[in-house]
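Have a look at the structure below, then the notes.
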Amino acid sequence: MVLQLAGCKATYDLGVYEQSLLALGGPDGVNQSAALLDQSIVSAEMVSAIIPPGVYADHGILLHMAGNKAEAMRQISKESEQYPESKQFTENLLTVIWNTGLRLSGDSSSPHRYPSVLVLPPINKSGNPQAGLAFEMTLNRQFIERGYYVFPTLATQALVTGAGAMPADMSVADLSYLHKLTGADAVLSVTITEWEPTWMIIPLIRVAAEYKLVDTATGQDIWKSTARDEFDPTVTGGGGPVVVMDKDLRVPARRLTAKALKSSENGLPYGPYH
């Protein structure tokens, strides 16, 4: 399903976007991922559903990887047409694609109530080596659904690689450089501190993480939250309990982020696209 119904209005299903990232790891991953996004975009545009932040740009990167440079450029340009806060990002990205040598475009610093968000690769300090990937696959979707412009995963990786002069670990990159490269108002840093099984009456997974949204201009925290919870890794089907969370680690990662964002004490306010 590429569309969902919200009342009488069709909306884009961000699960398709998340699935396209997952498909990259499979055989013929680039073409499969591009086809998923292509189908979802065409279906959404046919019923005038809004394409969420990042989808056009990542579709463009997939098309570029598949060798269709002209359509890639068109899709990336549509990103900035729909989301003006991505203009600096897409201009630098298009320059990288054309291999014309990157000159960082101007500084778009401005006071912001609703910052555009660049998600950094999560820092995994838990006991599960796969926890970092589970969070990385799900963070963008959570913040997009909260109403924020979030810079797309694949397009950001392409821009950072094309720009060069970036540390392998983006979490230690200079904030002012990240701002100049992407135009992002803020970066999201997530540190996973726990991902452990805990055996009570039923087996649970204990997950904890620290979230921090930092202003790229001042280095000041815009929002931070620590979330911890335990998740039941079983569902009851026709044949009895079936373990599912060990097969799809995105589920506890997604639920923990949702808890942090919706916290009654320190939740993140809804953004302009909610």
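For the numbers below, each heavy atom of this structure counts, side chains included, while hydrogens, waters and symmetry mates do not.
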Q) Does the pair Leu133 and Met137 meet the rule for a side-chain contact (heavy atoms from CB on, under 4.5 Å), with working shown? A) CA-CA 6 Å; Leu133 181 60; Met137 295 286 289; 4.0 Å; yes
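- Listed for the Glu79 side chain is a donor-acceptor partner under 3.5 Å among the backbone atoms of Gly54.
- With hydrogens and angles disregarded, a donor-acceptor distance shorter than 3.5 Å links the side chain of His179 to the backbone of Ala184.
- Taking CG of Leu181 as the start and CG of Leu159 as the end, the distance is 4.0 Å to the nearest 0.5 Å.
- Here CD of Gln142 is found 9.5 Å from CZ of Phe135. Values are rounded to the nearest 0.5 Å.
- Residue Ser116 holds its OG atom at 10.5 Å from CZ of Phe89, rounded to the nearest 0.5 Å.
- One N or O on the side chain of Gln32 and one on the backbone of Pro27 form a donor-acceptor pair closer than 3.5 Å.
- Remark: side-chain polar atoms of Thr216 are paired, donor with acceptor, to backbone N or O of Asp185 under 3.5 angstrom.
- Using a 4.5 Å heavy-atom cutoff, the side chains of Tyr270 and Arg146 are in contact.
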(Q) Run Gln88 and Asn92 through side-chain contact (heavy atoms from CB on, under 4.5 Å) and show every step you take. (A) CA-CA 6 Å; Gln88 185 171 321; Asn92 286 334; 4.2 Å; yes
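- Taken to the nearest 0.5 Å, the OH atom of Tyr83 stands 8.0 Å off from the CD1 atom of Ile51.
- A distance-only check finds no donor-acceptor pair linking the side chain of Ser20 to the backbone of Ser33 [under 3.5 Å].
- A distance-only check finds no donor-acceptor pair linking the side chain of Trp195 to the backbone of Gly132 [under 3.5 Å].
- Proximity of a side-chain donor or acceptor of Ser80 to a complementary backbone N or O of Ser77 within less than 3.5 Å is detected.
- Judged purely by distance below 3.5 Å, without hydrogens or angles, the side chains of Glu71 and Gln75 pair a donor atom with an acceptor atom.
- A donor-acceptor pair shorter than 3.5 Å cannot be found between the side chains of Glu85 and Tyr148.
- Between Gly219 and Leu175, the closest heavy-atom pair is CA-CD1, 3.9 Å.
- Side-chain contact, Asn128 with Ser126: no donor N or O sits under 3.5 Å from an acceptor N or O.
- With hydrogens and angles ignored, the 3.5 Å screen pairs no side-chain donor or acceptor of Glu194 with any backbone N or O of Arg228.
- In this structure, Glu45 pairs ionically with Lys78, as a charged nitrogen and a carboxylate oxygen lie closer than 4.0 Å.
- Side-chain polar atoms of Tyr12 and Ser40 form a donor-acceptor pair below 3.5 angstrom.
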Q: Would you check, one step at a time, whether the test side-chain contact (heavy atoms from CB on, under 4.5 Å) holds for Ile76 with Ile61?
A: CA-CA 8 Å; Ile76 292 169; Ile61 289 301; 4.3 Å; yes
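- For NZ of Lys125, the number of neighbouring non-hydrogen atoms (other residues, nucleotides, ligands) closer than 6.0 Å is 12 at most.
- At least one donor-acceptor pair under 3.5 Å links the side chain of Asn140 to the backbone N or O of Phe151.
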